[in-house]
Amino acid sequence: MVGGVVTGPPVHAAEDAVAAEVPPGSRVSLTVNGVRRTVTIDNRTSLLDLLREHFGLTGSKKGCNAGACGACTVLVDGRRVNSCLTLAVRLEGAEVTTIEGLAKGDRLHPLQQAFIDQDAFQCGFCTPGQIVSGVGCIQEGHTGSAEEIREWMSGNLCRCGCYVKIERAVEQAAGRK
Amino acid sequence: MHPFTYTKAADMREALSAGRRGGRYIAGGTTLVDLMRETVERPGSLVDISTLPLREVTVTERGGLRIGALVSMAEAGAHPKVRALYPVICEALELSASAQLRNMATIGGNIMQRTRCTYFRDVTAACNKRDPGSGCAALQGYNRNHAILGTSDSCVATHPSDLAVALAALDSTVRLLGPDGERTLPLVDFLLKPGSTPNREQALRKGELITAVEIPALPRPLKSGYLKVRDRQSYEFALTSAAVALHVRGGVIREAKVAAGGVGTVPWKLPTVERHLIGERPSHRLWAEAAEHAADGAHPLTHNGFKAELLKRTVERRLRTVGGTA
Ligand SMILES: Cc1cc2nc3c(=O)[nH]c(=O)nc-3n(C[C@H](O)[C@H](O)[C@H](O)COP(=O)(O)OP(=O)(O)OC[C@H]3O[C@@H](n4cnc5c(N)ncnc54)[C@H](O)[C@@H]3O)c2cc1C
Ligand code: SF4
Ligand code: FES
Ligand code: FES
């Protein structure tokens, strides 16, 4: 205790009360961008919050926190998912790739470069999710036409309305341009 | 979100015994986690079933198809057997949610998903489904997205699944495994209309697990397709939708399967439309005449009267493209 006069119930009693109500947590080990991490977390922690609040990886964004915008898109075991709807405790042994894990040193991922080449963002808030989702889209092979890209990228909203250029960037990275 | 304990079930027995003790199953989590965050759902313990062996797509002895409950929407939609035998299912899946959500979400979870009624999701609103006896804010509220078929004084919320509409059209069944053993129910009996107990949505007993959905064999050749009409082109729930499957031989329709989505409190089968088609020859006129019955018995609310007409046109258009007289 540093200074101050304690009024009300003793501090220890308050701490005990809190301790008694510690919400259930779990230990989980997962690999994020190639780095193995082990943490003990409140079971309620989403993968998005784990990345942003615990690991300082703030590239993945929280738009809606409800699966409805795609700003939080990451790859789990190679597949694109919404990290806001993913409970981190479920990810024992999983491999997670975020926007921070795409570049190789100073060499941008081809889709990151394509977003710059095509001028595919304005405010940039949706961009990390768009790029990770685009990586998934290209891997899945849904880049056969502009129309197909638009449909299979529809899980990522852009409030600035950069859709036309986002589609072109995915096209470029898929090797169609 | 309320606190909860978490366990991952190692096998079916472990899952069932945790389920019997009141544990809540979590598959893809895309409905459950969302609603837990809104405190609409408050399970005290989660049982992760994602590693159970329910991930197979198999052709049944009778020539139908069995899709394991934990097959993801993405896997099911891309599966060569599903694509070859029942395009209507692939189309319904690929027009659902987003690529990210379809990677997470499962077939079992999809038919279990809860309504998107905004009052249901708002814990400050009256809602008989969430809080039995509290009333229904949608009746006097903004009900443009609500149901016109199968409604009651207690609840007018739609069942939002696209997949379930395709499965209902094809007379699919749901396989269940519980503490008392296995049973199979037609999907249309598994999903319950609200009546006076809108909080009861499925005929699922405590601790019971969906293990698979089964689509019966249908006479071949079978043409099928799904049409979904919505406020935006993608990543949106249906205002109306139609699942259609037709078996035409010798220029005559021998078998017709039709169901509608976005309009019912459950996936809505259209037997009257089917009866109008069977035994007839495909023609523009036939599609229009049959589709005229799509909204029979509808009870529109203040803001969703447009759905009756939109549904007829949706059914007609899908009949026309599937029937090949486009
Ligand atoms: C933004 C958004 C848009 C969407 N758009 C669409 C759309 O256009 N069309 C559409 O059809 N859907 C749509 N969805 C809904 C989505 O398809 C469902 O959330 C998903 O299919 C649920 O599956 P899940 O595996 O994630 O279920 P979970 O969230 O894991 O579970 C849902 C419920 O089912 C129970 N459950 C799960 N598996 C089993 C089982 N095997 N046995 C017994 N109980 C089980 C759980 O206990 C829970 O109550 C959308 C969702 C979001 C968030
Ligand atoms: S329509 Fe059903 S889910 Fe919506 S507020 Fe009324 S009772 Fe609740
Ligand atoms: S923050 Fe996850 S989808 Fe919007
Ligand atoms: S660039 Fe601003 S939201 Fe997409």
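Letters go in sequence order (proteins before strands), and every chain restarts at 1. In this text, all values refer to a predicted model and were calculated from it rather than measured experimentally.
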Any chance the side chains of A:S60 and A:S83 put a donor and an acceptor closer than 3.5 Å?
no
Those residues of residues 2-13 of chain B that come under 4.5 Å of chain A on a heavy-atom basis, listed by number, are B:H2, B:P3, B:F4, B:T5, B:Y6, B:K8
Checking B:R317 against B:T314: is there a side-chain donor and acceptor pair closer than 3.5 Å?
no
With B:E41 as reference, evaluate B:R130, B:K129, B:R114, B:R121 under the salt bridge (Lys or Arg N to Asp or Glu O under 4.0 Å) test and give the passing residue.
B:R114
Top contributor to chain A contacts, counting heavy-atom pairs under 4.5 Å, from B:L46, B:L101, B:T30:
B:L101
Side chain from CB out, backbone as N, CA, C, O: work out which of these in A:N65 comes under 4.5 Å of a heavy atom of chain B, or both, or neither.
both
Which atoms of B:E38 are under 4.5 Å from chain A, going by heavy atoms: the side chain, the backbone, both sets, or neither?
neither
Enumerate by number any residue of residues 103-113 of chain B whose heavy atoms lie under 4.5 Å from heavy atoms of chain A; in the absence of such residues, state 'none'.
B:N103, B:M104
What residue in B:M36, B:Q100, B:E94 has the most heavy-atom pairs under 4.5 Å with chain A?
B:Q100
Using heavy-atom distances under 4.5 Å, tell me whether B:L32 contacts chain A through its side chain, its backbone, both, or neither.
neither
Neighbour count >12 (heavy atoms, 6.0 Å) for atom CZ, B:R313:
no
If I measure from the heavy atoms of chain B, does A:C64 come under 4.5 Å with its side chain, its backbone, both, or neither?
neither
Any side-chain to backbone donor/acceptor pair from A:K165 onto A:Y163? Under 3.5 Å, distance only.
no
Tell me yes or no: between the side chains of A:S133 and A:T73, is some donor less than 3.5 Å from an acceptor?
no
Does B:E208 reach the main-chain N or O of B:L177 with its side chain, forming a donor-acceptor pair under 3.5 Å?
no
Is it the case that A:T98 and A:E100 place a side-chain donor and acceptor less than 3.5 Å from each other?
yes
CD (A:Q139) with more than 12 external heavy atoms under 6.0 Å:
yes
Between B:K307 (side chain) and B:G262 (backbone), is there a donor-acceptor pair under 3.5 Å?
yes
Taking B:R318 for its side chain and B:Y226 for its backbone only, find out whether a donor-acceptor pair lies under 3.5 Å.
yes
Exercise: do B:S224 and B:Y86 side chains pair donor with acceptor under 3.5 Å:
no
B:T158 side chain to B:A147 backbone, donor-acceptor under 3.5 Å
no
Go through A:R80, A:R44, A:E151 and name the one with the most non-hydrogen pairs under 4.5 angstrom from chain B.
A:R44
